[in-house]
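Because the structure is predicted, anything quoted here is derived from the model rather than measured.
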Amino acid sequence: MSSPLNVPPGWRDVLADELAKPYVAELAAFVAAERREHTVYPPESEEFTALELTPFDDVRAVILGQDPYHGAGQAHGLAFSVRPGVAPPPSLVNIFKELKSDLGISPPGHGYLAGWARQGVLLLNTVLTVRAGEANSHKGHGWEKLTDAIIRAIGGRDRPAVFLLWGAPAQKKAALVDEGRHVVMRSAHPSPLSARNGFFGSRPFSRANAALEERGQPPIDWRLDP
């Protein structure tokens, strides 16, 4: 059975049972109606960029965002990321500050995180679309059920992954993961409101690499091409 959502083929196989549930068709109809009546980000072709760039079998780390950036030209389907030429938003600026503090890697001069995604870092928002200028406007319409299923699927694999859960909403998703098999790292969110309350100094990048290497996996090269 084909899905009303344009989920990439490999993930479609993993999520087949979930995609057959009635809420998925309702979610697809909701988003389609929103796109007809409003400006919605990211573009339809980029709703599943995170899954396209990071196949299921390649996932080594998961970084969870909430809903996409709602400003023009910002969201492109990867949590926290913006395309080259778009100014990095404040949370991403703080992520780069912590990367510099943790591993000595200087900001790349852009906010495009596809280089991480291609190495197995799933940059997943829990809601995959948003109405322009209206944060959380697509919350509670079904995306969360689907992204929970994605997290559960990774959490059910034998091959371990590292879950970087920043902020209280992301940390609640730890309940979907077998912490005996996978590594869950919790900290404050990198937003300017909370970064000084436990994101700065949390060293997520070096700790994630240490956890991967302890489990026989290669580390992630967190440097991004300029």
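In Arg35, the CZ atom is crowded: over 12 heavy atoms of neighbouring residues, nucleotides or ligands sit closer than 6.0 Å.
The aromatic ring centres of Phe80 and Trp166 sit less than 6.0 Å apart.
For His110 (side chain) and Asp225 (main-chain N/O), a donor-acceptor pair under 3.5 Å exists by modelled atom type. Judged by distance alone, with hydrogens and angles left aside, the side-chain atoms of Asp102 form a donor-acceptor pair with the main-chain N or O of Phe205 at under 3.5 Å. The closest donor-acceptor contact from the side chain of Ser137 to the backbone of Arg131 lies under 3.5 Å.
Note on Phe48: it clusters hydrophobically with Ile151, by side-chain heavy-atom contacts below 4.5 Å among ILVMFWY residues. No continuous path of hydrophobic side-chain contacts links Ile63 to Tyr112 [ILVMFWY only; heavy atoms under 4.5 Å].
Looking only at side-chain heavy atoms (C-beta outward), Leu92 and Tyr69 come within less than 4.5 Å of each other.
Using bins of under 30°, 30° to 60° and over 60° for the plane-to-plane angle, the ring pair His182/Phe163 lands in the perpendicular bin.
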Carefully, step by step, assess Val130 and Trp143 under the rule side-chain contact (heavy atoms from CB on, under 4.5 Å).
CA-CA 11 Å; Val130 68; Trp143 280 127; over 6 Å; no

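No side-chain donor-acceptor contact under 3.5 Å links His189 and Ser194.
The one candidate from Asn209, Leu212, Val162 that meets the side-chain contact (heavy atoms from CB on, under 4.5 Å) condition with Gln217 is Leu212.
A side chain to side chain donor-acceptor pair (under 3.5 Å) check over residues 75-84, counting only residues at least two apart or in different chains, returns the pairs Glu46-Arg83, His76-Ser81.
With sequence neighbours excluded, the residues that form a ring pair (Phe, Tyr, Trp, His ring centres under 6.0 Å) with Phe56 are Trp11.
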